[in-house]
Amino acid sequence: MPESAVHVGSGKVRELYALDTDRLLLVASDRISTFDVVLPTEIPDKGRVLTGLSAFWFSRTQHLVPNHLLALRDDGRGTECRRLEMLPIECVVRGYLAGSGWKDYRATRAVCGHTLPAGLIESQRLPQPIFTPATKAQSGHDENIARDAAAELVGRTRFDEVERIALELYAFVSDHARARGIVLADTKLEFGVDDTGRLVLGDEAFTPDSSRFWPADAYEVGATPPSFDKQFVRDYCESLGWDKTDPGPELPEDVVTGTRARYVEAFERLTEMSFDDYLTDPSVVLT
Ligand code: Q0Z
């Protein structure tokens, strides 16, 4: 990393640097979180898998929306990107009833103002994907908000635009993933606006950290499907009877190895590229 990179932010598992007035560097670490706690053990190459996948999707969805990607670093974990004015909402699309969507549905039969058919069950595929915006919480959990509240935050015209684009992106990526044995249950996108006022897709996109990936062959309505990437970690943590408060447990070697293999498997199934080739030259995902 050049001397000039100034650290400007930390996520649970990522770091953000300023390169100059117009450019940022997003760095994905190998840290892993579960039950909202970052564990003391890293998953080797997890950050590279997520950086490569995100870049792959940026490259493949340019026909739908411009994005912030400028270049990948040779280390495979850094993304140089255009600095945007980020919209103050998380743009979540749900194709299946899981997580907070399932929780809200059970309580109210609605999710972010979308009233849904009665009698849906956990993990069920929705009649059609829905846009369910959330606030960006400074700490703790993002909170689902009504469509009108989101429209108030970004303006009605911009809201209609991000909803349409987010649904188009979800349709494109979920079809691609489903054809390769992975169900994209839901995903969180972040958009910004460039200096000309154009909507631009930013942050990370369609990674296992920003999306729920389920293995299609284990998908079952009425159950909580296993997470494609983190299930070994969750199962191990559950087996310990850990109370899910910080600090989390160290992971044993077999859980680390198995989890790394699942991340690499997700990368290879979705990109139809060899992860070793990505390590040799990250730009393969852009071609
Ligand atoms: C992304 C985040 C991370 C901490 C700001 N292209 C952009 N322009 C302006 N701002 C952002 C981006 Cl991607 C931006 N985040 C999220 C990422 C560490 C926070 F790696 N915050």
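Atoms within each ligand, like the ligands themselves, are counted from 1 in listed order.
Sorted by first and then second residue, the salt bridge (charged side-chain N to carboxylate O under 4.0 Å, His left out) pairs involving residues 223-237 (not counting sequence neighbours) are D209-K230.
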Which N or O atoms of ligand 1 sit under 3.5 Å from a protein N or O, and how far apart is each pair?
from: ligand 1; atom 1: 6 (N); to: H68; atom 2: ND1; distance (Å): 3.0
from: ligand 1; atom 1: 6 (N); to: R82; atom 2: O; distance (Å): 2.7
from: ligand 1; atom 1: 8 (N); to: L84; atom 2: N; distance (Å): 2.8

Report task. Evaluate side-chain contact (heavy atoms from CB on, under 4.5 Å) for F58 paired with H68, printing each intermediate quantity in order. Result -> CA-CA 8 Å; F58 285 138; H68 73 164; 3.6 Å; yes
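With salt bridges taken as basic N to acidic carboxylate O contacts below 4.0 Å, none links R164 and D160.
Grouped with Y105 in one hydrophobic cluster are L97, W102, V111, L116, L120, L126, I130, the linkage being side-chain heavy-atom contacts under 4.5 Å among Ile, Leu, Val, Met, Phe, Trp and Tyr residues. V200 forms part of a hydrophobic cluster together with L84, M86, judged by ILVMFWY side-chain heavy-atom separations under 4.5 Å.
In this model, no donor atom of one side chain and acceptor atom of the other lie less than 3.5 Å apart for S274 and D276.
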